[in-house]
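Note that ligands are numbered from 1 as they come in the structure, with each ligand's atoms numbered from 1 the same way. For this chain, numbers begin at 1 and follow the sequence in order. Values below: every heavy atom of this structure, side chains too, minus hydrogens, waters and symmetry copies.
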Amino acid sequence: MKTLTSLRLQRMLVTAVAAVAVALPWAAGAQPMVIKFSHVVAENTPKGQGALKFKELAEKKLPGKVQVQVFPSSQLFGDAKELEALLLGDVQLIAPSLSKFDRYTKKIQIFDLPFLFDDIEAVDRFQASPAGQSLLTSMKNRGLIGLGYWHNGMKQLSTNRDKLVRPDDAKGLKFRIQASDVLEAQFRALGANPQKMAFSEVYQALQTGVVDGQENTWSNIYSQKFHEVQKTIAETNHGVLDYMVVANAKWWDGLAPDVRKALTEAMDEATKHANKLAYDINESDRKKIADAGKAKIQKLAKDDVAAWRKSMEPVWKKFESDIGRDLIEAALKSNQ
Ligand code: LMR
């Protein structure tokens, strides 16, 4: 009796294993497609929130078909590596700041020209214009396709010195910059020493005095605790730090049309969400920095701002032929 039962059990087991084996190819086919989205900032920032929103929407629109894995804070790739990783297919989506694309198209340097945009609303209008939209596809021949612009905000200037009111106060100081030739020229125009450096290394470089200062948005300064290792943050609003969400063009074009359509919709909604949050996050982080009382927020009078503008603006001429006068005109129009 016992033997019969165990025989039966054994047979049932064999049948079950065979059934699983038959089902396996189907099961493998039913695995969701994994989309890795890597970025370098914290989750409580405009980009961090945008990436999470995209995950939520994409998985809702394509249930069981896609799984979006978000890797914040340079966990997967720092900004020295993320573009290469995207082109190699190790990650499917990234959202580098616009300053980090200048190896792929010179035109995108428009966004780094100091004092070109009056405020983030002007940046928004330019990005939505035909000229701004054309930049999304300008790197396709290099394997990158832009899916949208995400805002962070306007940049402020911080240093480890007590005074940062006039351009002369920056003279001779070492500033960390993103990998951008325009930003390098901008700091050289001030008589300062720019140093290109990955975002993940900035806090330590400021803390140990490898550099004296940096430029960034309130949200990046706060979420990276830069204000804890800087003495003064001058409210210059001298430039913009925004993002382009990019995909590997070959991967994107190879997606099934219905999947690409749903992901496009998810991206458009996530873009609206991130851009709506960006201004408020920066405002509230500015307040948190003020409340923390570690770095002093230096407000600037109109003529101080005019002095910074005068010192930095010669940079435009240097890059005009690479960027194109027409694009600069289009950007200037967005200030009106
Ligand atoms: C920086 O390197 O300072 C920024 O581009 C980081 C980011 O992605 O906001």
Is the contact between [X] and ligand 1 made by the side chain, the backbone, both, or neither, using heavy atoms and a 4.0 Å cut-off?
X: Arg176; result: side chain
X: Thr45; result: neither
X: Thr217; result: neither
X: Val202; result: neither

Enumerate the atoms of ligand 1 whose separation from the nearest heavy atom of [X] is less than 4.0 angstrom.
X: Val41; value: 7 (C), 8 (O), 9 (O)
X: Asn220; value: 4 (C), 6 (C), 7 (C), 9 (O)
X: Asp79; value: 2 (O)
X: Asn216; value: 3 (O)
X: Val40; value: 6 (C), 7 (C), 8 (O)
X: Leu241; value: 4 (C), 9 (O)
X: Ser97; value: 5 (O)

Among residues two or more places apart or on two chains, list those pairs meeting salt bridge (charged side-chain N to carboxylate O under 4.0 Å, His left out) that have a residue in residues 129-140. Lys140-Asp253
Given Phe111, which partner from the list Tyr149, Phe101, Phe319 fulfils the ring pair (Phe, Tyr, Trp, His ring centres under 6.0 Å) test? Tyr149
Lys288 atom NZ, neighbour heavy-atom count above 12 within 6.0 Å: yes
Other residues, nucleotides, ligands: >12 heavy atoms within 6.0 Å of Lys65 NZ: no
Which other residues belong to the hydrophobic cluster containing Leu157, where Ile, Leu, Val, Met, Phe, Trp and Tyr are joined when side-chain heavy atoms lie under 4.5 Å apart, directly or via other members? Phe115, Leu164, Val165, Leu173, Phe175, Ile177, Leu183, Phe187, Leu190, Leu300, Val305, Trp308, Met312
Taking the non-hydrogen atoms of Lys100, is any one of them nearer than 4.0 angstrom to ligand 1? yes
Verify whether one side chain among Ser223 and Asn44 offers a donor that lies under 3.5 Å from an acceptor in the other. no
Determine the minimum heavy-atom distance between Val66 and Glu59, stating which atoms define it. O-CG, 3.7 Å
Ignoring hydrogens, what is the shortest heavy-atom contact between Leu86 and Val91? Give both atom names and the distance. CD1-O, 3.4 Å
So which heavy atom in the protein is nearest [atom], and how far is it from that ligand atom?
atom: atom 9 (O) of ligand 1; answer: Tyr243 OH, 2.4 Å
atom: atom 8 (O) of ligand 1; answer: Lys47 NZ, 2.7 Å
atom: atom 5 (O) of ligand 1; answer: Gln178 OE1, 2.7 Å

Among Gln156, Arg176, Gln186, Gln178, the one residue meeting side-chain hydrogen bond (donor to acceptor under 3.5 Å, both in side chains) with Glu215: Gln186
Taking the six-membered ring for Trp, are Phe71 and His39 closer than 6.0 Å centroid to centroid? no
